[in-house]
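Only one structure is covered here, and it is reproduced in the block below.
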Amino acid sequence: MTLSEELRWRGFINQTTLENLTELDTKEWTFYHGFDASSDSQTIGNLAAMMLDLVFLRHGHKAILLAGGATSLIGDPGGKDEERPLQSEETIRYNVAQAEKQLRHIMRGHDFTMVNNIDWYQSMNVIAFLRDIGKHFGMSTLVQRDYIQKRIGEGGGGMSFTEFSYTLLQGYDFLHLFNKYGCTLQLAGADQWGNSLSGIELIRKTHAQQAHVITLPLVINKATGKKFGKSEAGAIWLDEVKTSVYKFYQFWLNIDDEGVIDYLKIYTLLSKADIDALEVKTQAAPQKRAAQKTLAYEVTKLVHSEERVNNVMKVTEVLFGNQPVASLSKQELTDLAAEIPTTHSGESVVKTLLMAGLAGSMSEAGRLIKNGGISLNGQKVTNDEVINTTPSLLKKGKNSFCLIR
RNA sequence: GCUGGGGUAGUGAAGCGGUCAAACACAUCUGACUGUAAAUCAGACGGCUCAGCCUUCGGGGGUUCGAAUCCCUCCCCCAGCACCA
């Protein structure tokens, strides 16, 4: 499959300045893709963007990945209703390091260039910025941009000059990379379309050359119609400290049938033949969840590691399958303890629920028992007994657990 | 600064002197049905030493046998006006 065909099939194209996508198939491109570092970890929303880069890399194109140290210090006004508070340099430096670490991990096995735009902004003075960059931007076109209109128009939240200038910085990033690396293509999220155009315009005005952009669509959860990757508990992070490997795996395993094939296309590098086969299987026997299992395995392997997925899968067997906790080895118990809350024996069920955070108060714990929502090693708990056997598995509902060892 | 309207449990929102731990909706949790799904139905949803008691209705003070409900005061939000520009 050619790159252009693959991009279309995987659903990676939202908007592009390329007249014909097949231009991607006939020559080698150097592209850049910027990642926001306003948070200390990337999310699975950003992961979709990384997958797009991986597809390009696999087709032999050259990647420049940019962790936006400078741009994150300014703050992207796009899609925000209000001015955001500035973050300290120290925080951003840490976030950039995190972003770079995660990008390197996801792209492991591929060659690419990692850059940080603070490197070229740090030494730039304000006069140079205004004269060399600012001069190329007309106020009337800037002011017409939707996100700016929304903010400075009637009922808008207002906007500082700082955020207003953001698009110039991003525009210059592209120009800089064009000059230094011959980069002529930007890949970006759908919300970055306007900013990317700034770069293209800047390159055209300064070098009379045509650069291009491809934006990927925002991944939408078809079942809820909302942005994908936000669970009730918040975003799904790539950092295992923020979203444990177990929770991460579970998130993918619980994807609804409607969306699972789309997500396989975006979040795994499986071939069309493999994904088509899974689609058939899922339609024939949805309760087996073959597609979900593959998705969960592949994504967790990519973002964490093969060893960690296998681990988590074994844990899953104990929690949801029929394997008793007692059947686990010492090492496996330690792994399990890392994924779910763990307490010691000799306490009552109510107290244990409280310690494990499965109930917020004793009243709630008591209620759960009365409702039949608690089971110990597969047996429904009917009154508040003391737990003495170790290891034991205390279960609240179907999805919450506590290990007693 | 003035005038008017507000601040009630996770959210929205009733209540306007006792029957208020506070209607209702949503969110959440549990159970049933299932596929660790969705939908649907049922229950729960401040705390505790749990047929009882304790702490809550922006903060503090007061009136009253009794206050989320009345009065005083302070803080905060919204709308309009004024001041400023």
Side-chain angles (χ1 to χ4, degrees), chain A residues 81-82 152 154-158 220-236 243-264 278-297 299-300 309 311-325 336 339-341 347-386 393-403:
Chain A
D81 295 334
E82 280 185 357
I152 67 177
E154 195 99 10
I220 296 293
N221 182 333
K222 275 190 187 169
T224 62
K226 290 193 182 127
K227 196 170 161 185
F228 180 64
K230 302 266 182 199
S231 72
E232 293 77 37
I236 303 295
T243 300
S244 78
V245 181
Y246 167 73
K247 288 217 182 69
F248 190 84
Y249 178 83
Q250 287 290 324
F251 171 82
W252 296 101
L253 197 60
N254 283 314
I255 295 288
D256 53 275
D257 300 346
E258 207 181 337
V260 69
I261 298 300
D262 286 347
Y263 301 139
L264 275 167
L278 281 169
E279 187 166 11
V280 171
K281 258 195 207 168
T282 301
Q283 267 170 8
Q287 72 281 8
K288 292 228 170 100
R289 296 183 300 149
Q292 280 90 339
K293 282 177 184 163
T294 308
L295 178 66
Y297 174 78
V299 182
T300 310
V309 206
N311 230 297
V312 164
M313 282 166 66
K314 220 182 284 169
V315 166
T316 298
E317 246 328 283
V318 170
L319 297 182
F320 296 101
N322 295 317
Q323 295 295 317
V325 232
L336 176 59
E339 303 297 350
I340 62 174
E347 299 286 357
S348 69
V349 170
V350 165
K351 193 86 191 293
T352 307
L353 286 169
L354 216 58
M355 289 191 300
L358 296 184
S361 68
M362 293 175 82
S363 304
E364 194 185 338
R367 247 181 260 128
L368 282 166
I369 293 173
K370 208 165 25 175
N371 289 346
I374 303 298
S375 64
L376 180 62
N377 296 324
Q379 293 285 317
K380 219 158 232 187
V381 175
T382 48
N383 47 25
D384 190 12
E385 60 199 274
V386 172
L393 185 69
L394 192 64
K395 193 166 164 182
K396 172 196 146 195
K398 285 172 189 160
N399 286 303
S400 311
F401 308 88
C402 167
L403 175 67

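For the numbers below, each heavy atom of this structure counts, side chains included, while hydrogens, waters and symmetry mates do not. Residue numbering restarts at 1 for every chain, and letters A, B, ... go by the order of the sequence lines.
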key: Spacing of the C1' atoms in B:C29 and B:U36 (rounded, Å)   = 16 Å
query = Got more than 12 heavy atoms from elsewhere within 6.0 Å of CD, A:Gln287?
reply = yes
request  = Using both distances under 3.5 Å as the test, list the Watson-Crick or G-U wobble partner of B:C26, or none.
outcome  = B:G10
note = As its Watson-Crick or G-U partner within any shown strand, both distances under 3.5 Å, B:A32 has B:U40
message = If I take atom CG from residue A:Asn254 and atom CG from residue A:Leu295, how far apart are they, to the nearest 0.5 angstrom?
response = 11.0 Å
key: A:Phe251-A:Tyr246 aromatic ring centre distance below 6.0 Å   = no
query = With both distances under 3.5 angstrom, what nucleotide forms a Watson-Crick or G-U wobble pair with B:G46?
reply = B:C54
key: Test log, rule side chain to side chain contact (heavy atoms under 4.5 Å, CB included), inputs A:Glu347 and A:Met355   = CA-CA 10 Å; A:Glu347 299 286 357; A:Met355 289 191 300; 3.6 Å; yes
request  = May I ask which nucleotide in the shown strands pairs with B:A85, Watson-Crick or G-U wobble, both distances under 3.5 Å?
outcome  = none
inquiry  = Do A:Pro341 and A:Leu403 make a side-chain contact, defined as non-hydrogen atoms from C-beta onward lying under 4.5 Å apart?
reply    = no
inquiry  = Work out how far the P atom of B:C16 is from that of B:C65, and round it to whole angstrom.
reply    = 23 Å
message = Say we look at B:U3 and B:G52: how far apart would their P atoms be, to the nearest angstrom?
response = 49 Å
task = Provide the distance between the two P atoms, one in B:G7 and one in B:C41, to the nearest whole Å.
result = 33 Å
ask   = What string of B, S and - do you get for nucleotides 32-37 of chain B, 5' to 3', when a contact is any protein heavy atom under 4.0 Å?
value = SBBBBS
query = For the atom pair NZ (A:Lys395) and CG (A:Leu358), what is the distance rounded to the nearest 0.5 Å?
reply = 12.5 Å
remark   = d(A:Leu393 CG, A:Asn377 CG) to nearest 0.5 Å is 6.5 Å
note = Taken to the nearest whole Å, CG/A:Asp384 to P/B:C50 is 12 Å
inquiry  = Regarding A:Lys396, tell me which of base, sugar-phosphate or nothing describes its non-hydrogen contacts under 4.0 Å with the strands shown.
reply    = sugar-phosphate
query = Distance between the C1' atoms of B:A13 and B:C26, in whole angstroms?
reply = 11 Å
task = Side-chain contact test, heavy atoms from C-beta onward, threshold under 4.5 Å: evaluate it for A:Leu394 versus A:Ile374 and give yes or no.
result = yes
request  = Please give the nucleotide sitting opposite B:A79 as a Watson-Crick or G-U wobble pair, both distances under 3.5 Å, or none.
outcome  = B:U3
inquiry  = What's the gap between B:A82 and B:U73 when it is taken at their P atoms, as a whole Å value?
reply    = 27 Å
ask   = Can you tell me how far C1' in B:G60 sits from the matching atom in B:U49, rounded to whole Å?
value = 32 Å
What N/O pairs connect the protein and nucleotides 40-47 of chain B at under 3.5 Å? Give each pair on its own line.
| unit_1 | atom_1 | unit_2 | atom_2 | d |
| --- | --- | --- | --- | --- |
| B:G47 | OP1 | A:Ser361 | OG | 2.7 |
| B:G47 | OP2 | A:Arg367 | NH2 | 2.9 |

message = Name the residue from A:Tyr249, A:Tyr263, A:Phe248 that meets the side-chain contact (heavy atoms from CB on, under 4.5 Å) definition with A:Val299.
response = A:Phe248
query = At what distance, to the nearest 0.5 angstrom, does CG of A:Leu278 lie from CD of A:Gln292?
reply = 9.5 Å
ask   = What distance, rounded to whole Å, do you find between the two C1' atoms, one in B:C72 and one in B:A21?
value = 28 Å
